[in-house]
Amino acid sequence: MKYNPQKIEKKWQKRWKDSNLYQAKDKSKKPKKYLMVEFPYPSGDGLHVGHVRSYTALDVLARKKRMEGYNVLYPMGWDAFGLPTENYALATGIHPIKITEKNIRIFKRQMNSLGLSFDWSREINTTDPSYYKWTQWIFLQFFKKDLAYQREMPINWCPKCKIGLANEEAIGGRCERCGAQTEMRLKKQWLLKITEYADRLIDDLGKVNYAGKIKTQQINWIGRSEGTAIKFKIQNSKQYIEIFTTRADTLFGVTALVLAPEHPFVASLLKIKNQKSKIKNYEEIKKYIKNSKKKSEFERTQLEKEKTGVFIGAYCLNPANNEKVPIWVGDYVISTYGDGAVMVVPAHDKRDYQFAKKYNLKIKEAIKGGYISKEAYVDYGVLINSGRFNGLKSEQAIKKITDWLIEKKSGKRTIQYKLRDWIFSRQHYWGEPIPIVHCEKCGLVPVPEKDLPIKLPYVKKYEPTETGESPLAKIEKWVKTKCPKCQGPAKRETDTMPNWAGSSWYFLRYTDPKNKKTLADFEKLKYWLPIDLYNGGMEHTTLHLLYSRFWHKFLYDLKAVPGPEPYERRYSHGVVLAEDKRKMSKSFKNVINPDEIVKSHGADSLRIYEMFMGPFDQTISWSSQGLQGCSRFLKRAWELKSKVKSQKSKVKVKIQNYNDLERLVHQTIKKVSEDLENLKFNTAVSSLMILANTLGELKEIPNRYYKIFLILLSPFAPHISEELWEKLGNKKSIFLEPWPKYDFKLIETETFQMIIQVNGRVRDKIEAPKSLSEKEAKELALSQEKIKKWMVGQTPKKVIYIPGRLVNLVI
RNA sequence: GCCGCGGUGGCGGAACUGGUUUACGCGCACGACUUAAAAUCGUGUGGGAGAAAUCCCGUGUGGGUUCGAGUCCCACCCGCGGCACCA
């Protein structure tokens, strides 16, 4: 019979579904493994071959771990709130709920067609009220701990989607969803105080096993820098301006202060009427500020061109030497970092140098070593022109000058972060309603927990409003409510949560998906957490991954979860590019649809190929010929069956080098087992190919070796392995077999191929016993004809012998 | 600019702790089967010289350490990813 993947794959998928083979047990004495892949957004496009790569990889591990005797949780669910569904609903008039249901059906069908061993009894959906009840509950806890707050703030506004965007959703000044240029708008927003957790989010990275680049990316994103806040007294005033610097050692080189246009001192200056006469260039300043406000934050920061600024006609005093320092306003200073004010040290900062050159500010050297007439010297060095601190090295000077400022009450040590609080409200329909009531008398009132979930009203119209308010604002019946506190008239919050909300805690719900009393039973959480391996895309490193760690730490503080970190190990799969090495995209018409591959080559071929295509964490472009090769491998594996001699058969298996075969089998067990632990799927597959090739050379294949081969193959290609296993006469599923163990003694050989080098160059190779001594090795090497040729008239000066490897004769 | 990762055949990629560079797969060439093609199977396949044995050169570039370097050190070039006026 020929290998017919389509036929056998359907057969086994049905059988697996009817059995409970992949269900994780809550009460089990077995050790647990919790493996998780990022749950997808069920878009209308269906599954991408990139999803297949990640899901298959962890499916391979899940299957192997079950066979090793672990109680494995490998769950799947749907991150279904989000803008594309809402936009599609607007375009078609079909309700988001209906669209989501349909897309989930497609995704689920596709996943099953790949033979993925998800535990569907734990399926979750972020748009299900029984799920988002707990998302809302967590929000309430944030609110009660003052970690959720409202603030009027400039936000990235997408004029096309009519939605406010978090900084991370407006990448490069463009809307993440539609690509339109964003503008700045002032809007009252909900924020979550992720900055409160900044230190712990960095420090606890030491407790987990994440791929290195993931850690560094998170650390850079949080952007902690330790420095000094220094107060500059404004001349003829009691006011101070506080600046932040990491280079207190350059304080004596300050020749100006620059304030962001949003700085309160700038505003206060413009408000005072009689200042108008004092400040000569009042109109100029006003115009400058007006202009820079028009620019979006992106425009302001994007322009790497010249820095601009205006002198505002006031001075302050350098606390180090009481020198008069002119105050400027300039929009290259970021208002949200530090206090929106910087000290200008042209001699030792590139930007300041540029600014000083343009506006003819003084350039005062404070660190020796550079050519400040030409360019800024930014390295550390030895202080000059710095009074009593002259001669100190920068590192010491930073410390001493800061201490001195603290003593004088002109400064303090402080830490600044690049990380900002998380803008948590969206003016959209298809998200979790924020469970807050606005009461005229009582202000912001949290919805009582017993009233959760606040369900999203089922309506026909969900167009965004022109004012930028959420579509929910138009549903008067829903908005009007009673204040839970005073029972007076009140209005519901109409903003919804961002699509990152539901995914920030979903891994908890898998452990106890149907719990009505709490987000998940604590005992179950204790058994399953932390997640042993979490795989997902690199693009989520600074968003979802950071957000969910933040939520988890918060829940840990509430004692709702047992540990401070959700993920013990995190790994990211590489992107699968199209065959033309570009990103797969409908517009390029280069998208590979997994359905078509399953149809043409079968799920097992697709799975094997995606594991074999290259290192798991590396970007790889699709190759239909590579797929073909994997397909051939499975076909050969299928045909090996006809050569298998059953155990009962009396035909004696005659194999030359029987020990070699035994050794190869055990080597393969070792290689596959170890490679899987290290997520080296590609080399694991290649070792299976080597074993298959060797078995193929035999006239007859011993049953027990073929069985081991099938077991090793089964996590990668489950359908074909099950089918062949059954054909061997086995009644139970191959996945109930224990994972084979290798015998170290059988891998070891008594002889080895000894490399003979002369002056480090390979000149001969011979078989030699491993027990060879250095002296024997030398003699053996010198007795070889090929070596004699090289040794004519010479004796080795030095002999290097590495037992089990080589001997090197130096002449 | 800063941070991280990488550069090995015609291609995707192997290579333990410094010890045979190119496993496995693709492609290509030749051969077998076939009326023929596809499929399949077999053999070969880093470059150069040679009839062959064999020799020389080869892991981005230049230097260094070492008996020996893809692997370690220094400098540089190129590619990818992230951050980007963060003071």
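So that the names make sense, note that chain A is the first sequence line, chain B the second, and so on, each numbered from 1. No hydrogens, no waters, no symmetry mates; every other heavy atom, side chains included, goes into these values. Small disclaimer: the values here were computed from a predicted structure and weren't measured.
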How does RNA chain B look in dot-bracket form if you count Watson-Crick and G-U pairs under 3.5 Å, write [ ] for pairs that cross, and put | where a base pairs with another strand? (((((((..(((......[....)))((((((.......))))))((((....))))..(((((..]....))))))))))))....

Closest listed nucleotide, where the reference is the side chain of A:Ser225 and the choices are B:C67, B:C24, B:A87: B:A87

Using whole Å, what does the distance between atom P of nucleotide B:A87 and atom CZ of A:Phe355 come to? 18 Å

With respect to the phosphate group of B:U40, does any side-chain polar atom (N or O) of A:Arg632 fall under 4.0 Å of OP1 or OP2? yes

Rounded interatomic separation in angstrom, taking CD from A:Gln667 and C1' from B:C24: 15 Å

Verify the contact: side-chain N or O of A:Arg761 to OP1 or OP2 of B:C57, cut-off strictly under 4.0 Å; return yes or no. yes

When you compare the protein's N or O atoms with those of nucleotides 2-7 of chain B, which come within less than 3.5 Å of each other, and at what distance?
from: B:C3; atom 1: O2'; to: A:Asn220; atom 2: ND2; distance (Å): 3.3

Which protein N or O atoms sit under 3.5 Å from an N or O of nucleotides 47-50 of chain B?
none

Any non-hydrogen side-chain atom of A:Ser225 less than 4.5 Å from a side-chain atom of A:Ile415? no

B:A53 phosphate, OP1 or OP2, under 4.0 Å from A:Arg763 side-chain N/O: no

Between residues 766-779 of chain A and RNA chain B, which residues have a heavy-atom gap below 4.0 Å? none

Can you check each nucleotide of nucleotides 8-22 of chain B against protein heavy atoms at under 4.0 Å and return B for base, S for sugar-phosphate only, - for none, in 5' to 3' order? ----BSSSB--BB--

Applying salt bridge (Lys or Arg N to Asp or Glu O under 4.0 Å) to A:Glu776 and not counting sequence neighbours gives none

